[in-house]
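No experiment lies behind these values; they were computed from the predicted model shown. The figures here come from the full heavy-atom set of this structure, side chains too, leaving out hydrogens, waters and symmetry mates.
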Amino acid sequence: MNRDNPHERLELLDWQSMIALFEGWAERYCAHPSYFRIGGRPVCSFLNLGDFVNTYGLDGFQLIIQTARQIMQRRLGQDPFVIGVFGEATLKHCALANLTSIDGATGYGLLPEWTGPPVQHYAELIPRRTAEWAMVQRHLRVPFFPVVCAGWDATVRGEWAADLRNCRGFPWRPVVDGVNAELFGHFVDAAVAFNLAHHPELNVVYVHAWNEWTESSAIEPSDRFGDQFLRQLAQRTRPMPLEPTPNLPLNGANHRDIST
């Protein structure tokens, strides 16, 4: 898959399939009392915003959102909270989002700099991304919910390469090194501070990701980090004591040492 050509991974749904998708979404997921809600409204996210507009056109995407709202209102008597997900934090995506009827926005994997060096450093990327959040929010008409990434290394999706400098683009580069749970915790702190400064009534932080092992961005317990990422989140959400646990080899996908 070529990240620069998202159409390679898109499949155009016919209208009946789209309606069936939303009907199933409303029935199987949104009706559940534990389903993710913002402001009491069930969340419906579109990843990526640009892909949907490029595939269905702006008017078509607006019709998709309208249909999702109508189905949810009919089934549950609620208006969904529609999130547009960015692949990159750019002014272009902000302008596109402002043309749609979404209720909020966030990002997917907003950590590495895609045209930057092959190996990048977690501690240096965090302040750059937090500065981007403020830039994006200044140009959006809706709340932007920050996304905290637990790393990035998608090289397992491609053939082994001895030297990343000789590779071109996704999935071989970029790779982020220097990831640790303490820095992740500071990343979360920055996200909460951003929310409190811009929309304190909606203190929502997205995390990339629970188990995205093929991108080495996972907070699920692993042989490399144990449950340290979850502990960082627990410390910031509720005062719940955690018993020590050994670093068992639960999943080996997030273990690579990066060198050039």
Side-chain angles (χ1 to χ4, degrees), residues 1-11 45 47-52 54-55 84-94 96 105-133 135-136 144 146-188 190-191 206-220 222-225 228-229 251-260:
M1 186 267 287
N2 181 357
R3 187 181 179 90
D4 297 326
N5 184 11
H7 294 287
E8 291 185 7
R9 65 176 185 266
L10 299 180
E11 181 177 349
S45 299
L47 169 72
N48 280 331
L49 181 68
D51 291 349
F52 273 90
N54 288 336
T55 302
V85 184
F86 297 167
E88 293 181 278
T90 64
L91 294 179
K92 177 182 178 181
H93 284 100
C94 292
L96 181 61
T106 189
Y108 178 87
L110 301 186
L111 181 65
E113 297 178 350
W114 301 109
T115 59
V119 178
Q120 302 170 23
H121 308 297
Y122 197 50
E124 296 175 1
L125 292 170
I126 290 173
R128 298 176 192 173
R129 300 294 82 83
T130 57
E132 277 182 349
W133 299 340
M135 179 277 293
V136 169
F144 180 80
V147 55
V148 174
C149 295
W152 184 271
D153 177 0
T155 54
V156 295
R157 295 186 177 185
E159 296 181 358
W160 175 255
D163 190 339
L164 297 178
R165 290 169 296 186
N166 297 327
C167 299
R168 293 186 59 189
F170 183 88
W172 296 276
R173 56 185 293 181
V175 167
V176 175
D177 72 358
V179 176
N180 62 64
E182 183 178 3
L183 286 174
F184 173 80
H186 294 321
F187 209 172
V188 174
Y206 279 77
V207 175
H208 183 281
W210 168 247
N211 60 352
E212 186 52 273
W213 298 110
T214 64
E215 294 173 357
S216 288
S217 186
I219 64 171
E220 186 179 22
S222 66
D223 57 353
R224 181 181 180 188
F225 295 110
Q228 294 178 49
F229 287 113
N251 193 313
N254 203 356
H255 74 280
R256 300 183 66 239
D257 291 326
I258 306 302
S259 59
T260 56

Inset, instruction - State yes or no: are the ring centers of Phe86 and Trp133 separated by less than 6.0 Å? - result: no

Inset, instruction - Report yes if the side chains of Thr155 and Phe170 come closer than 4.5 Å at any heavy-atom pair, otherwise no. - result: no

Legend entry - Pairwise distance CG(Leu110) to CD(Glu132) - rounded to 0.5 angstrom: 7.0 Å

Inset, instruction - Give a yes-or-no answer on whether the side chains of Ser222 and Glu220 include a donor-acceptor pair shorter than 3.5 Å. - result: no

Inset, instruction - Check whether the ring centres of Trp160 and Trp172 lie less than 6.0 Å apart, and answer yes or no. - result: no

Inset, instruction - I would like to know whether Val176 and Leu125 meet side-chain contact (heavy atoms from CB on, under 4.5 Å); could you show each step before the answer? - result: CA-CA 9 Å; Val176 175; Leu125 292 170; 3.6 Å; yes

Legend entry - Heavy-atom pair of closest approach, residues Ser45 and Tyr206: OG-OH, 4.1 Å

Inset, instruction - Find out whether Met135 and Leu91 are in side-chain contact, i.e. whether some heavy atom of one side chain is under 4.5 Å from a heavy atom of the other. - result: yes

Inset, instruction - Considering non-hydrogen atoms only, spot the tightest contact between Pro174 and Trp114 and give its length. - result: CD-CE3, 3.6 Å

Inset, instruction - Applying side-chain contact (heavy atoms from CB on, under 4.5 Å) between Phe184 and each of Ile126, Val179, Val207, report the one that passes. - result: Val207

Inset, instruction - Enter the distance from His121:NE2 to Leu183:CG here, rounded to the nearest 0.5 Å. - result: 13.0 Å

Inset, instruction - Please examine the side chains of Tyr122 and Leu111, heavy atoms only from C-beta on, and report whether any two atoms are closer than 4.5 Å. - result: yes

Legend entry - Considering all heavy atoms, the nearest Gly107-Val85 contact: C-CG1, 3.8 Å

Legend entry - Where Val119 and Asp177 come nearest, the two heavy atoms and their spacing: CG1-OD2, 3.7 Å

Legend entry - For Glu182, all residues meeting side-chain contact (heavy atoms from CB on, under 4.5 Å), sequence neighbours excluded: Asn180, His186

Legend entry - Heavy-atom side-chain contact between Arg173 and Arg168 under 4.5 Å: no

Inset, instruction - Check whether any side-chain N or O of Thr130 sits under 3.5 Å from a backbone N or O of Pro127 as a donor-acceptor pair, and report yes or no. - result: yes

Legend entry - salt bridge (charged side-chain N to carboxylate O under 4.0 Å, His left out) involving Glu113 - partner list, sequence neighbours excluded: Arg128, Arg129

Inset, instruction - With rounding to the nearest 0.5 Å, note down the distance linking CD in Glu88 to OG1 in Thr115. - result: 8.0 Å

Inset, instruction - Measure from the side-chain N and O atoms of Gln228 to the backbone N and O of Phe225, and report whether any donor-acceptor pair falls under 3.5 Å. - result: yes

Legend entry - Donor-acceptor side-chain pairing of Trp152 and Gln120 below 3.5 angstrom: no

Inset, instruction - Please round to the nearest 0.5 Å and tell me the distance separating atom CG of Leu49 and atom SG of Cys94. - result: 10.0 Å

Inset, instruction - Measure the spacing between NE2 of His208 and OG of Ser217 and express it to the nearest 0.5 Å. - result: 4.5 Å

